[in-house]
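Here's the structure we're looking at; comments come further down.
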Amino acid sequence: MSELSVKHLLGIKYLTQADIHLIFETADHFKEVINRSIKKVPSLRDITIANLFFENSTRTRLSFELAEKRLSADVVNFSASSSSVKKGETLIDTVNNILSMKVDMVVMRHPNPGAGVFLSQHINASIINAGDGAHEHPTQALLDCYSIREKLGDVAGKKVVIVGDILHSRVALSNIFALQLLGAKVKVCGPKTLIPKYIEKLGVEVEGNLQEALEWCDVANMLRVQNERMDISYFPSIREYSQQYGVNKTLLDSLKNEIVIMHPGPINRGVEITSDVADSKQSIILHQVENGVAIRMAVIYLLASKIKHHES
Ligand code: CP
């Protein structure tokens, strides 16, 4: 297969296993490119991409922008805090104004679940979801699975536990879909109040005890507590949360297997993981960030190929 089955990347749930393998193989090529002295290829000189960020971001935004520039695309950046959205303009009006400037592809982060799907039904450009509320963050899940494949050789058959605030996490949902599609076994672990009631319907087991979860797994993906999405208190205190669901070096060293530690960032050091765990040789957190550029280059390149194919 040399083409994605989709025109947009709205969520992992719309992808096939073959799509993910194609993205990984394309990312392997781009990873080699970004490690050369000249890190750029001319592939997308005729493509213009708008990055629309209606919510804060460091990694995803910079990673998309770097990926686009490494592919030689023209790039425009939009941030809600400094735009006319503040004057009451709707999402569709904002995006249609941007598209009138002949934009081919839109990368969008938005606080509302389904914002990318909504946009894809109303505008004629390829949409990449860079995180929509607590729904999906597909490129994060792709780079997470790619990093597991790089570290452990394959995703199939691996045991992955996702720890922390599953309820408010788009990273958790996209990871569950991607890991299962690639043949991994997935458990979640966290306070009962932060585990969604539907989770077992997704084929995911719940483990309440962190030590048991870590003894079971090959990989632990530690999530941040999403305070910005909480309007009530879901656990008694941060101190109690980190005592029960945080990983420190003593706990890590007590496990019988040398597990891999992942985190999508931003990290709250001392809450979900201590600094010595984040910076330990078992942590692949910065490899995840590095792989994010190659994965996003692959996604953009493959979606742009579909636009070009459609036009010719
Ligand atoms: N992992 C992630 O989405 O980080 P940012 O919010 O900084 O983009």
Side-chain angles (χ1 to χ4, degrees), residues 9-13 23 27 49-70 75 77-82 106-116 127-148 150-151 160 162-179 188 190 194 219-230 247 260-269 271-273 277-279 283-300:
L9 179 60
L10 301 173
I12 299 290
K13 67 171 168 278
I23 293 168
I49 304 175
N51 298 316
L52 311 188
F53 278 71
F54 293 86
E55 208 185 53
N56 294 343
S57 169
T58 301
R59 276 146 294 273
T60 311
R61 185 179 178 143
L62 289 177
S63 182
F64 267 112
E65 193 173 340
L66 259 182
E68 292 152 3
K69 289 180 171 167
R70 300 269 190 256
V75 179
N77 287 308
F78 162 97
S79 153
S81 58
S82 57
V106 172
V107 174
M108 185 172 74
R109 170 167 289 191
H110 200 281
N112 295 346
I127 313 290
I128 300 180
N129 176 8
D132 59 332
H135 180 223
E136 281 225 41
H137 191 352
T139 54
Q140 179 69 45
L142 290 168
L143 74 89
D144 289 343
C145 290
Y146 185 80
S147 301
I148 294 173
E150 182 178 71
K151 180 74 182 172
V160 180
I162 306 173
V163 181
D165 182 2
I166 314 298
L167 185 66
H168 300 102
S169 175
R170 53 194 174 211
V171 175
L173 198 56
S174 285
N175 261 272
I176 289 167
F177 291 144
L179 287 163
V188 294
L194 290 176
V219 178
N221 197 349
M222 308 299 298
L223 302 183
R224 182 175 65 86
V225 174
Q226 311 243 323
N227 288 310
E228 72 276 24
R229 300 192 203 285
M230 296 184 189
V247 176
V260 176
I261 297 287
M262 300 177 71
H263 195 304
I267 304 172
N268 283 319
R269 285 178 184 256
V271 180
E272 58 269 7
I273 46 175
V277 170
D279 303 330
S283 156
I284 59 164
I285 295 170
L286 292 179
H287 294 283
Q288 291 172 255
V289 179
E290 182 187 341
N291 288 335
V293 178
I295 282 288
R296 289 177 176 118
M297 285 175 83
V299 167
I300 293 165

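The figures here come from the full heavy-atom set of this structure, side chains too, leaving out hydrogens, waters and symmetry mates. When a ligand or atom number is given, it counts from 1 through the structure's own listing order.
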Given Glu136, Lys13, His135, the one that forms side chain to side chain donor-acceptor pair (under 3.5 Å) with Ser174: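 Considering Glu136, Lys13, His135, a side chain to side chain donor-acceptor pair (under 3.5 Å) with Ser174 is found only for Glu136.
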
For the backbone of [Y] and the side chain of [X], can you confirm whether one donor and one acceptor N or O come within less than 3.5 Å of each other?
| X | Y | result |
| --- | --- | --- |
| Ser283 | Asp279 | no |
| Glu272 | Ile267 | no |
| Asp132 | Gly114 | yes |

Per-atom contacts, ligand 1 versus [X] - under 4.0 Å to a heavy atom:
| X | result |
| --- | --- |
| Thr58 | 5 (P), 7 (O), 8 (O) |
| His137 | 2 (C), 3 (O) |
| Gly265 | 1 (N), 2 (C), 4 (O) |
| Thr60 | 2 (C), 3 (O), 4 (O), 5 (P), 8 (O) |

Protein heavy atom at shortest distance from atom 4 (O) of ligand 1: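 Its nearest protein heavy-atom neighbour is Arg59 NE, 3.1 Å.
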
Any Arg109 heavy atom less than 4.0 Å from ligand 1: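 It does, in that a heavy atom of Arg109 comes within the 4.0 Å cut-off of ligand 1.
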
Under-4.0 Å salt bridge between Lys69 and Glu65: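 Salt bridge: yes.
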
Backbone or side-chain N or O of Arg61 under 3.5 Å from ligand 1 N or O: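 So ligand 1 has no N or O lying under 3.5 Å from an N or O of Arg61.
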
Pro264 N/O to ligand 1 N/O under 3.5 Å: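 By distance alone, the answer is yes.
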
Smallest separation among heavy atoms of Ala130 and Arg109, with atom names: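 That closest heavy-atom pairing would be O-NE, 2.9 Å.
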
